[in-house]
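In what follows, every heavy atom counts, from backbone to side chain, and hydrogens, waters and symmetry copies are set aside. Each ligand, and each atom within it, is numbered from 1 in the order the structure gives.
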Amino acid sequence: MKIYKSLSEIQSDLADNKISCVELVEWYINRIDEAKRLNAFLEVFNTSALEKAKEVDAKLKTNTAGKLAGMVIALKDNLCYKGHNVSASSKILEGFESLYNATVVERLLAEDAIIIGRCNCDEFAMGSSNENSAFGNVLNPLDESRVPGGSSGGAAAAVAANLCLASLGTDTGGSIRQPASFCGVVGLKPTYGRVSRYGAIAYASSFDQIGPITNNVADAALIMEVIAGNDEYDSTVSSKLVPEYSKQIDTKPAKLRIAYIKDIIESEGLNPEIKAHIYSVIEKLKSEGHTVEAVEFPYLDYLVPVYYVLTTAEASSNLARYDGIGFGYRSKNATDLESTYKKSRAEGFGTEVKRRIMLGTFVLSSGYYDAYYSKGQKVRRLLQNKTNEILNNYDFIILPTTPGTAFKFGEHSADPIEMYLEDIFTVQANITGIPAISLPLGKHSNGLPFGIQVLTKHFAEAQLFAFSEYLMANYSNLPPSPSP
Ligand code: GLN
């Protein structure tokens, strides 16, 4: 079978009876098996995927199939799918089976997507390299000596290695966009409140969003159209109407106003080739008559600290429920209630998760609450105001997704702060709640891809998709340009 890179190709072959959904699913199951060494999947849902494939094949015959018919999609292992295990790649959820479908899963199934399995990730979505999974590293399919990024590392690797057509990840500080950048695929973090988080295992609730990882913009737009929108189970979801994103992606953008933050592009940690590439994108945009201007954002140094103060605070609260009683793992060494809590948590959580629970508990503790948590909230407001001010004057902000290309295993794991700094360009969108996409526009001389990131106003996904489609069509493989 040929390698499919878009849903439209699959749907056209289904319509011409060249393939069936059952054959397609069998083909993907086989590929996943052959690519086992990548460790991208924690579990393949053979039985339910094949059942669904049969159902969709029957519906196709009667012209009653949904818009995602033929889409074979994987879930990051922190999204609940009724009757299937889910673990957030943590030992503490050992053996836990979802009791209900996440809203996104319910909506995918209703449009006849086929869910093929659950993908490895950093434990509780905490990490930038997938090295924090309790179930081992995921290899980057483009260079197996390197990380796929994180925390949705398995979900991005699976799409890049054609083990599924698309996947859903979650993004709290970059976990969709950074692995998308490292694996050469498209990753979108939607506006906070665009997609229901019901049934997503929470890390930091005021930052978390679910979004698609795909080979192209059209598939991302279509998935968003299906999963976004009001949900009575999540009060933070907006009731704003969901546009038909997929029908609007071909709108050629008018003359745009685009901002870039000079301090980001000139920042010391940014790989010089990525910098040169961003400048070449900027120059080309200008040459096509768009306004592209440098803007001030004097708060770069605050992004990562604010992110880690606030997300760890939220995590310490969200993860309090894993107490050895209600879910998954319970220590066999416990003798009473208190030791059940203590030992189950001590044995069930990994090092990074424990570090964050402790840090979060500290920033929320009575003596330090004002110094850290309250202060963090105030700085978050400041960062939001400044970002919104820029976006009141410009349609988009353009920046790199990551400071470099995929790094080697172990390269940043000795020092947590060093790893946290990997998130420098992605956390702004989560701190402020705006949508952001990573597009695989760059190719480094080391052979690895890197993403260009575009940010825009709250709920402006339709414009973001149209601009992204335009960039993907016209801005791939640009020669590097020196700083202007
Ligand atoms: N790398 C970031 C972190 O470790 C982002 C994680 C995420 O978006 N889930 O927290």
### Query
Atom NE2 in H277, atom CG in L441: separation rounded to 0.5 Å?
5.5 Å
### Summary
Applying side-chain hydrogen bond (donor to acceptor under 3.5 Å, both in side chains) to Y372 and not counting sequence neighbours gives none
### Message
Below a 4.0 angstrom heavy-atom separation, can you tell me which part of R356, side chain or backbone, both or neither, approaches ligand 1?
### Response
side chain
### ligand 1-proximal atoms of Y308, by part, heavy-atom distance under 4.0 Å
side chain
### Message
Under 4.0 Å, counting heavy atoms only: does Q178 come that close to any atom of ligand 1?
### Response
no
### Query
Counting both backbone and side chain atoms, is some N or O of G127 under 3.5 Å from an N or O of ligand 1?
yes
### Query
Is R380 close enough and on-axis enough to F207, meaning under 6.0 Å and within 45°, for cation-pi?
yes
### Message
Is it the case that the ring center of F327 lies less than 6.0 angstrom away from the ring center of F96?
### Response
yes
### Query
Any idea which atoms of ligand 1 are less than 4.0 Å away from a heavy-atom of G173?
5 (C), 7 (C), 8 (O)
#### Entry: Residue selection (non-hydrogen contact nearest atom 1 (N) of ligand 1) among G169, P179, S128, C121
S128
### Query
Do any nitrogen or oxygen atoms of K76 lie less than 3.5 angstrom from nitrogen or oxygen atoms of ligand 1?
no
### Query
How close does the nearest protein non-hydrogen atom get to atom 7 (C) of ligand 1, and which residue and atom is it?
S175 OG, 2.3 Å
### Query
Heavy atom under 4.0 Å from ligand 1: found in S151's side chain, backbone, both, or neither?
side chain
### Summary
A student checking ligand 1 against A125 at a 4.0 Å heavy-atom cut-off should list atoms 6 (C), 7 (C), 9 (N)
### Query
Can you list the ligand 1 atoms lying under 4.0 Å from a non-hydrogen atom of Y307?
2 (C), 3 (C), 5 (C), 6 (C), 10 (O)
### Message
Using a 4.0 Å cut-off to any heavy atom of D171, which atoms of ligand 1 qualify?
### Response
8 (O)
#### Entry: Check: C119 main-chain N/O paired with D77 side-chain donor or acceptor under 3.5 Å
no
#### Entry: Contact check: T170 vs ligand 1, nitrogen or oxygen atoms, below 3.5 angstrom
no
#### Entry: Distance from atom 2 (C) of ligand 1 to nearest protein heavy atom, with residue and atom
D423 OD2, 3.1 Å
### Query
Between F396 and Y394, is the ring centre distance below 6.0 Å?
no
### Task
Determine the interplanar angle of the Y322 and F124 rings, folded into 0 to 90°, and report it as parallel if under 30°, tilted if 30 to 60°, perpendicular if over 60°.
tilted
### Message
Using the side-chain contact (heavy atoms from CB on, under 4.5 Å) criterion, which residues pair with K5? Sequence neighbours excluded.
### Response
I3, E9, N162, N215
### Task
Please say whether the positively charged group of K354, taken as NZ for Lys or CZ for Arg, lies over the ring of F349, i.e. under 6.0 angstrom from the six-membered ring centre and within 45 degrees of the axis.
no
